[in-house]
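Sequential numbering from 1 along the given sequence is applied to the chain's residues. Basis for what follows: all heavy atoms, side chains included, without hydrogens, waters or symmetry-related copies.
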Amino acid sequence: ALGADVVKLEARSHPEVLRNATYNNARELAVEPSGATNTPMDGSLSKGTRGVSIEMDTDGGQAAFRDLVASCDIVIENFGAAVMRKWGCTFDALVEIQPRLIMASLSGYGRTGPRAEYLAYASSIANFTGLSEIWWPSGTYTDYVTATHTALAVLAARAHLQKTGEAVYVDGAQIEA
């Protein structure tokens, strides 16, 4: 809605969790022309994006992803710490393809430090920090807070890139936000 051309990547084997029946408040689960299911929640949150299905566990999928990176400005990922490494798609590897790249990694505990390899969800972060007691109706606030902080960091990264021409890596850790 603000002029960005957003492409959301999903794998057929691991589609967006919001596509499943748990998040469906309609009479029946919608099915897209591609055969992928969808829900009102996913449709609402993905409004204005283009969807692409890429199986990143294949050489062809990784090559297709790198082709997309060559023509993009920003990559945002929220996998476990080892996933992008396993695919050969670390920040350093992607900067070789797109030297003016901004990459943001969203994680529970950050990409460095003693908990970097831990997987996390907003509710586990809220429990870890003690905020679940304060935010008891919803343990997922850190999802929104981290997304907002990371979006602001990406805007700052754009300003830095325009000024210096240097690629930027943003580590958006829920525990920090």
Side-chain angles (χ1 to χ4, degrees), residues 1-11 13-18 45-46 48-129 131 140-177:
L2 297 174
D5 180 14
V6 178
V7 179
K8 181 177 180 177
L9 304 181
E10 297 177 72
S13 58
H14 295 82
E16 165 66 56
V17 70
L18 297 177
L45 293 173
S46 298
T49 65
R50 293 187 295 151
V52 175
S53 178
I54 296 179
E55 295 293 337
M56 290 292 292
D57 284 331
T58 67
D59 291 340
Q62 293 165 17
F65 176 71
R66 288 186 189 93
D67 287 346
L68 283 171
V69 169
S71 63
C72 77
D73 298 316
I74 302 167
V75 170
I76 302 172
E77 62 88 11
N78 68 339
F79 295 110
V83 174
M84 294 297 273
R85 258 193 328 264
K86 176 181 83 172
W87 292 334
C89 295
T90 61
F91 173 68
D92 291 336
L94 297 179
V95 166
E96 289 184 25
I97 298 164
Q98 171 50 287
R100 297 180 55 82
L101 182 69
I102 296 169
M103 182 172 174
S105 293
L106 299 158
S107 66
Y109 300 95
R111 294 295 187 226
T112 61
R115 293 183 182 87
E117 298 292 324
Y118 291 10
L119 297 178
Y121 295 94
S123 54
S124 62
I125 295 296
N127 291 329
F128 181 81
T129 61
L131 292 175
T140 62
Y141 284 147
T142 55
D143 280 350
Y144 309 108
V145 171
T146 304
T148 301
H149 282 217
T150 303
L152 290 172
V154 166
L155 291 175
R158 295 245 337 160
H160 177 80
L161 177 68
Q162 289 171 345
K163 184 176 180 180
T164 67
E166 297 173 352
V168 180
Y169 179 76
V170 174
D171 183 358
Q174 287 186 337
I175 194 76
E176 296 295 328

So which heavy atom on [X] is nearest to which on [Y], and how close?
X: Gly88; Y: Arg66; answer: O-NH2, 3.3 Å
X: Gly80; Y: Leu119; answer: CA-CD2, 3.5 Å
X: Ala177; Y: Thr146; answer: CB-OG1, 3.5 Å
X: Ala104; Y: Val154; answer: CB-CG2, 4.1 Å
X: Pro99; Y: Ala167; answer: O-CB, 3.5 Å
X: Ser13; Y: Glu55; answer: OG-OE1, 2.7 Å

Value rounded to 0.5 Å, distance of [atom1] in [X] from [atom2] in [Y]:
X: Gln98; Y: Cys72; atom1: CD; atom2: SG; value: 6.5 Å
X: Leu18; Y: Leu45; atom1: CG; atom2: CG; value: 6.0 Å
X: Ser107; Y: Arg115; atom1: OG; atom2: CZ; value: 12.5 Å

Sequence neighbours excluded, the answer for salt bridge (charged side-chain N to carboxylate O under 4.0 Å, His left out) partners of Lys8 is Glu16, Asp42
Non-neighbouring partners of Arg100 that pass salt bridge (charged side-chain N to carboxylate O under 4.0 Å, His left out), sequence neighbours left out: none
Which residues pass the side-chain hydrogen bond (donor to acceptor under 3.5 Å, both in side chains) test with [X], not counting sequence neighbours?
X: Asp92; result: none
X: Thr112; result: none
X: Glu96; result: none

I'd like to check Asp57 versus Lys86 (side-chain heavy atoms, cut-off strictly below 4.5 Å). Are they in contact? yes
Among pairs that include at least one residue of residues 69-79, which meet side-chain hydrogen bond (donor to acceptor under 3.5 Å, both in side chains), considering only residues two or more places apart or in two chains? Glu77-Ser105, Glu77-Arg111
Taking the side chain from Glu10 and the backbone from Ser53, do they hold a donor-acceptor pair closer than 3.5 Å? no
Does Thr90 reach the main-chain N or O of Ala93 with its side chain, forming a donor-acceptor pair under 3.5 Å? yes
Verify the neighbour count for atom CG of Asp59: are there more than 12 heavy atoms of other residues, nucleotides or ligands below 6.0 Å? no
With sequence neighbours left out, which residue pairs that include part of residues 148-177 fulfil the ring-ring contact (aromatic ring centres under 6.0 Å, His included) condition? Phe91-Tyr169
Is the distance between the ring centroids of Trp87 and Phe65 under 6.0 Å? no
Those residues that, when tested against [X], pass side chain to side chain contact (heavy atoms under 4.5 Å, CB included) (two or more places apart):
X: Ala82; answer: Arg85, Glu117
X: Ala153; answer: Val170
X: Leu68; answer: Leu9, Ile54

Is there any salt bridge (Lys or Arg N to Asp or Glu O under 4.0 Å) pair reaching into residues 164-177, and which pairs are they, with sequence neighbours excluded? none
